[in-house]
Undergrad: 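Take a look at the following structure, please.
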Amino acid sequence: MNKDTVIAKNPTAYHNYEIIDTIEAGIVLYGTEIKSIRAGKVNFKDSYAVIEKSGEVFVYSMHISPYDHGNIYNKDPMRPKKLLLNKSEIHKLVGMTTLKGYTLVPTKMYFKGNFIKLEIGIGKGKKLFDKREDLKKKEADRKIERYMKSNN
C-alpha cells in the first residue's frame, strides 16, 4: 500500500455536518478486522464518536465485516472501537463537544505507513436549508465547470 492510502470515506459526514476541525487518531483493531479493512469491507456511514466518562474515546456503529477465513477469531462487526489519542487531544475534544455543542464524526479511514488511522471531524449539524444551499451551490459549480469546459 502507498503512504496515506484512503481505505474508506464517510459519505454523509460533510453533507450532514459542518466540519470545523479534524484530528487523526489511531484505532484499536484485531487481526481479522485488519484483514477485512485491507479488503475494503468497512462501512461507517452512520458512525459517531463518543468521549466516555473514563476519558477514552470510542467509535460506535462502525461496521467491519467479518473476515471470510477468520472462523472463531472474528469479532462482533458492530463492537465499539477504541481510539488512540493524546490527553491533550482528548481535552480539546471534551471542550469542543461540551461547551460549544459540536459532535465527533469519523470522516475517513486510511493507511499511514503500516498503521490504520481514522480521521475524526469536529462538526456541528446542518439544518435542512443549509443542506439545500450546499446542493444548489454544488450544482451551480458543476454547470459553470461544464460551460467552461465546452467553451475551451
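These values consider heavy atoms only, across backbone and side chains, with no hydrogens, waters or symmetry-generated copies. Predicted model only: the values in this text are computed from it and were never measured.
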Undergrad: Tell me, with the steps shown, if Glu145 and Arg142 meet salt bridge (Lys or Arg N to Asp or Glu O under 4.0 Å).
TA: CA-CA 5 Å; Glu145 196 66 35; Arg142 281 191 201 119; over 6 Å; no
Undergrad: Check Leu93 against Ile23 and note the closest heavy-atom contact, atom names and distance.
TA: CD2-CD1, 3.6 Å
Undergrad: Where is the tightest heavy-atom contact between Ser61 and Met78, given as atom of each residue plus distance?
TA: CA-CE, 3.6 Å
Undergrad: Could you check whether any side-chain heavy atom of Arg132 comes within less than 4.5 Å of a side-chain heavy atom of Lys137, counting everything from C-beta outward?
TA: no
Undergrad: Out of curiosity, Ile7 CD1 to Lys41 NZ, how far, rounded to the nearest 0.5 Å?
TA: 14.5 Å
Undergrad: Got a second to check how far Met109's CE is from Leu118's CG, nearest 0.5 Å?
TA: 5.0 Å
Undergrad: Would one find more than 12 heavy atoms of other residues, nucleotides or ligands at under 6.0 Å from atom CG of Asn114?
TA: no
Undergrad: Keeping Lys81 on the side-chain end and Met62 on the backbone end, is there a donor-acceptor pair under 3.5 Å?
TA: yes
Undergrad: Check whether any side-chain heavy atom of Lys82 lies under 4.5 Å from a side-chain heavy atom of Glu56, and answer yes or no.
TA: yes
Undergrad: Do Val94 and Ile20 sit in one hydrophobic cluster, given that two such residues count as connected whenever their side-chain heavy atoms are within less than 4.5 Å of each other, even indirectly?
TA: yes
Undergrad: Is Lys108 positioned over the aromatic face of Tyr110, cation under 6.0 angstrom from the ring centre and no more than 45 degrees off axis?
TA: yes
Undergrad: Once rounded to the nearest 0.5 Å, what's the spacing between atom CG of Asp21 and atom CE of Met96?
TA: 6.5 Å
Undergrad: Could you check whether atom CD of Glu18 has more than 12 heavy atoms from other residues, nucleotides or ligands sitting under 6.0 Å from it?
TA: no
Undergrad: Examine Lys124 relative to Tyr102 and say whether NZ or CZ is less than 6.0 Å from the centre of the six-membered ring and inside a 45° cone about the ring axis.
TA: yes
Undergrad: Which heavy atom of Pro66 sits nearest to which heavy atom of Ser36, and what is that distance?
TA: C-OG, 3.6 Å
Undergrad: Quick one: do Leu104 and Val28 end up in the same hydrophobic cluster if we chain Ile, Leu, Val, Met, Phe, Trp and Tyr together by side-chain heavy atoms under 4.5 Å apart?
TA: no
Undergrad: Scan for ring-ring contact (aromatic ring centres under 6.0 Å, His included) pairs involving residues 20-60, sequence neighbours excluded, and state none if there are none.
TA: Tyr48-Tyr60
Undergrad: Over all heavy atoms of both residues, which pair between Gly121 and Ile19 is shortest? Give the atoms and the distance, please.
TA: CA-CG2, 4.0 Å
Undergrad: What's the spacing between Ile37 CD1 and Tyr67 OH if we round to 0.5 Å?
TA: 13.0 Å
Undergrad: How close do Val57 and Ala49 get, heavy atom to heavy atom, and via which atoms?
TA: CG1-CB, 4.3 Å
Undergrad: Measure across Ile120 and Pro106 and return the closest heavy-atom pair with its distance rounded to 0.1 Å.
TA: CD1-CA, 4.1 Å
Undergrad: Residues two or more places apart in sequence or in another chain: which of them pass side-chain hydrogen bond (donor to acceptor under 3.5 Å, both in side chains) with Ser47?
TA: none
Undergrad: Give, for atom CD1 of Ile144 and atom CD of Glu139, the distance between the pair rounded to the nearest 0.5 Å.
TA: 10.5 Å
Undergrad: May I ask you to decide whether Asp68 forms a salt bridge with Lys35, counting only side-chain N to carboxylate O separations under 4.0 Å?
TA: no
Undergrad: With a 4.0 Å cut-off, would you call Lys138 and Asp134 a salt bridge?
TA: no
Undergrad: Any donor-acceptor pair under 3.5 Å linking the side chain of Thr22 with the backbone of Glu119?
TA: no
Undergrad: Looking only at atom types and distance, does a side-chain atom of Asn43 sit under 3.5 Å from a main-chain N or O of Lys45, one as donor and one as acceptor?
TA: yes
Undergrad: Rounded to the nearest 0.5 Å, how far apart are OG1 of Thr97 and CD1 of Ile122?
TA: 8.5 Å
